[in-house]
Amino acid sequence: MKISRKEVEHVALLARLKLTEEEMNQYTEQLNSILEHAAMLDQIDTAGVSPTAHAVQLYNVLRDDEVKPSMDQEKVLKNAPDAEDGFFRVPRIV
Amino acid sequence: MAYDDKYEMVCGVETHVEMATKTKIFCGCSTEFGGEQNTHVCPVCLGLPGVLPVLNREVVNLAIKAGLALNCEIAEFSKFDRKNYYYPDLPKNYQTSQYDLPICKNGWLEISVNGEKKKIGITRAHMEEDAGKLVHSGETITTSNSSGVDYNRTGVPLLEIVSEPDMRSVDEVLAYLEELVQIMEYAGISDCKMEQGSVRFDVNVSLRLKGSSEFGTRTETKNLNSFNSVRRCLEYELERQADILDEGGAIVQETRTWDEGKGMTLSLRSKEEAHDYRYFPEPDLMPLVIDRKWVDEIRSAMPELPAAKRQRLQSLGLPEYDAGVITSFKAMADYFDAALEKFDDAKTLANWVMGDLSGLLKANSCSFEDSPVSPVQLAGLLTLIKKGEISGKIGKTVIEEIYKTGKDPETIVKEKGLVQISDEGALEKIIDEVIAANPKSVGDYQAGKENAIGFLVGQIMKATKGQANPGLVNKLLRGKLAE
């Protein structure tokens with residue numbers, strides 16, 4: 001077992017996912033089989049290989065510091081579940 | 001009993017500095033402060049699906065510059081990572097930051113407390129994006145049923161500067177913060193407008209018994225936005241920790257918040273706050289490769305930093321205190337340098353900048369940047385005094401007049417007829433009149449009462465509306481009284 005049920009519970013909490021008992025068992029099993037598959041990589045000797053920062057070998061993709069038009073406030077809030085006085089409105093935080 | 005009778009404090013600070021770019025770190029939205037809510041936002045900084053961030057070159061330039069100003073190593077290879085957590089001020093549910101390969105590391109800055117110099121280590125400095133602003137419907141977050149979110153600040157570039165836990169007193173912490181903020185301002189990394197939240201501090205502090213070499217358990221108080229808050233917060237938190245330790249209790253390692261109104265720190269512990277950020281490399285941004293040519297270019301354009309400026313001012317004859325005051329605000333130091341180009345007596349200039357001019361500006365809530373008395377005008381005024389054309393006393397009237405009217409000192413002196421009377425004949429006539437009118441004081445002086453001459457000089461100055469050359473008056477008066 002690569003990942004325990006307790007760890008799956010923790011990850012679900014961090015991801016704000018509410019899982020049923022059944023889903024919890026199912027995901028624990030599925031995540032384990034994914035991790036076991038990936039464990040194949042452990043067979044490779046990576047001594048002296050630096051960690052990959054990006055899969056594509058491309059560096060320094062930069063833009064100039066020039067202001068571009070932003071969106072209209074009305075458009076910004078159009079998809080908001082709730083809005084008030086130009087703010088996104090969110091339920092009680094703590 | 002004060003905490004420092006028994007314990008030694010250990011403190012390190014994380015400082016967030018908003019960088020002075022026109023646009024956000026990953027999109028072209030304006031970073032301008034104070035726009036109407038949710039008007040400086042676009043699909044990228046709102047984290048809408050399918051968008052791609054592109055790094056602002058100026059952010060990298062400023063981060064390199066800050067690193068050099070803080071004596072850091074600039075990484076040849078650096079990348080961004082996602083820091084995952086849920087909070088409504090973060091639209092993507094992760095903050096794009098730097099984790100294991102920050103752009104700057106292993107630096108230091110020097111502080112001076114009561115004349116003692118000390119180096120404070122800089123562990124690292126990294127680039128990241130700011131979060132949005134929350135406006136709670138109730139008085140505080142805990143008493144609000146809902147909150148409003150403004151994402152204008154989301155994506156404003158931040159430099160997070162992490163110090164080593166090198167500070168051992170509240171004064172050292174304040175000296176570190178003041179020096180750091182000055183360096184950021186002088187190097188042009190940030191406008192450092194504290195009142196707009198451009199600089200924020202997270203303070204990590206613990207106590208240990210004096211003589212102990214191990215660190216105690218620390219707390220972190222987040223989001224302090226002024227030097228004064230840091231001082232008050234530390235004083236409170238240190239006493240709180242000392243009380244717990246004195247009673248044999250243990251400090252809980254936790255995040256706390258500073259309540260400015262109550263003057264106390266409060267625990268922010270909650271189940272939501274599991275510190276498990278699951279950092280991973282940001283796949284939407286390409287890594288940075290910073291060659292030495294890039295670094296050298298930025299190094300060669302580095303402006304004079306506060307420490308160098310203080311040293312230069314001292315070499316011009318200013319006491320350490322004066323040099324410290326003048327460099328404490330960049331605008332004041334810039335003003336001083338501009339005036340110095342036209343008037344090279346640094347000490348006299350410093351007296352006027354720190355004294356009369358500062359006083360006038362303060363009384364009118366005006367900054368040195370917007371001073372109605374230009375550096376050239378002040379230099380002109382001081383030149384008139386130095387040449388003996390007006391007295392220092394008249395100079396004080398003239399600077400007020402420049403402030404009010406914007407006219408040049410030469411014009412004011414001419415228009416108001418303030419030129420100092422250095423004509424011996426004219427002065428002698430007035431002195432004779434004053435001597436004749438005050439036989440008692442003359443008698444007193446001649447009988448040995450040295451003080452009596454002050455009254456007579458005062459009368460002469462009054463008769464000339466302060467325009468008599470004081471040195472000359474003294475010489476002539478004493479001569480006449482000795483006859």
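Of the possible donor and acceptor atoms, none in the side chain of A:Glu66 sits under 3.5 Å from a partner among the backbone N and O of B:Gly28. With hydrogens and angles disregarded, a donor-acceptor distance shorter than 3.5 Å links the side chain of B:Gln37 to the backbone of A:Asp85. Looking only at distances, no side-chain donor or acceptor of A:Asp65 sits under 3.5 Å from a matching main-chain atom of B:Glu58.
Taking 4.5 Å as the limit, some side-chain heavy atom of A:Asn60 sits within range of a side-chain heavy atom of B:Trp294. At least one side-chain heavy atom of A:Met71 sits less than 4.5 Å from a side-chain heavy atom of B:Pro43. By the 4.5 Å heavy-atom criterion applied to side chains, B:Val149 and A:Phe87 are not counted as neighbours.
Here the CG-CG distance, from A:Asn79 to B:Leu46, works out to 10.0 Å after rounding to the nearest 0.5 Å. Atom CD1 in A:Ile93 sits 7.5 Å away from atom CG in B:Asp89 (nearest 0.5 Å). Of the inter-residue distances, the one linking A:Leu14 atom CG with B:Tyr277 atom OH reads 11.0 Å to the nearest 0.5 angstrom. The CZ atom of A:Arg89 lies 8.5 Å from the CG atom of B:Asn145; values are rounded to the nearest 0.5 Å. Taking CZ of A:Arg92 as the start and OG of B:Ser144 as the end, the distance is 7.5 Å to the nearest 0.5 Å. Between B:His40 atom NE2 and A:Gln73 atom CD the span is 11.0 Å, to the nearest 0.5 Å.
Proximity to chain A is limited to the side chain of B:Val60, based on heavy atoms less than 4.5 angstrom apart. For B:Phe80, no part lies under 4.5 angstrom from a heavy atom of chain A.
Counting heavy-atom pairs closer than 4.5 Å to chain B, the top-ranked of the candidates A:Ala83, A:Pro51, A:Ala55, A:Ala15 is A:Ala15. Most heavy-atom pairs under 4.5 Å with chain A: of the set B:Val289, B:Ile290, B:Thr39, this distinction falls to B:Val289.
The local environment of NZ in B:Lys92 is crowded, with over 12 non-hydrogen atoms from other residues, nucleotides or ligands closer than 6.0 Å. Surrounding OH of B:Tyr99 are at most 12 heavy atoms belonging to other residues, nucleotides or ligands under 6.0 Å away. Atom CD of A:Glu29 sits in a sparse spot, with 12 or fewer heavy atoms from other residues, nucleotides or ligands closer than 6.0 Å. Heavy-atom neighbours of B:Glu73 CD from other residues, nucleotides or ligands within 6.0 Å: above the threshold of 12. Annotation for B:Lys133: atom NZ does not count as buried by contact number, only 12 or fewer foreign heavy atoms lying within 6.0 Å.
Shown are B:Leu288, B:Asn56, B:Val54; of these, the side chain to side chain contact (heavy atoms under 4.5 Å, CB included) with A:Leu62 is made only by B:Leu288.
Across all non-hydrogen atoms, the minimal contact from A:Ser70 to B:Cys29 is OG-SG, 3.2 Å. Between B:Met286 and A:Tyr59 the shortest heavy-atom distance is CB-CA, 4.3 Å.
No hydrogens or angles considered: a donor-acceptor pair under 3.5 Å links the side chains of B:Thr23 and A:Arg63.
The existence of a salt bridge linking B:Arg57 and A:Asp64 is confirmed by a sub-4.0 Å separation between a basic side-chain nitrogen and an acidic carboxylate oxygen.
In this structure, the salt bridge (Lys or Arg N to Asp or Glu O under 4.0 Å) partners of B:Asp81, at least two apart in sequence or on a different chain, are B:Lys79.
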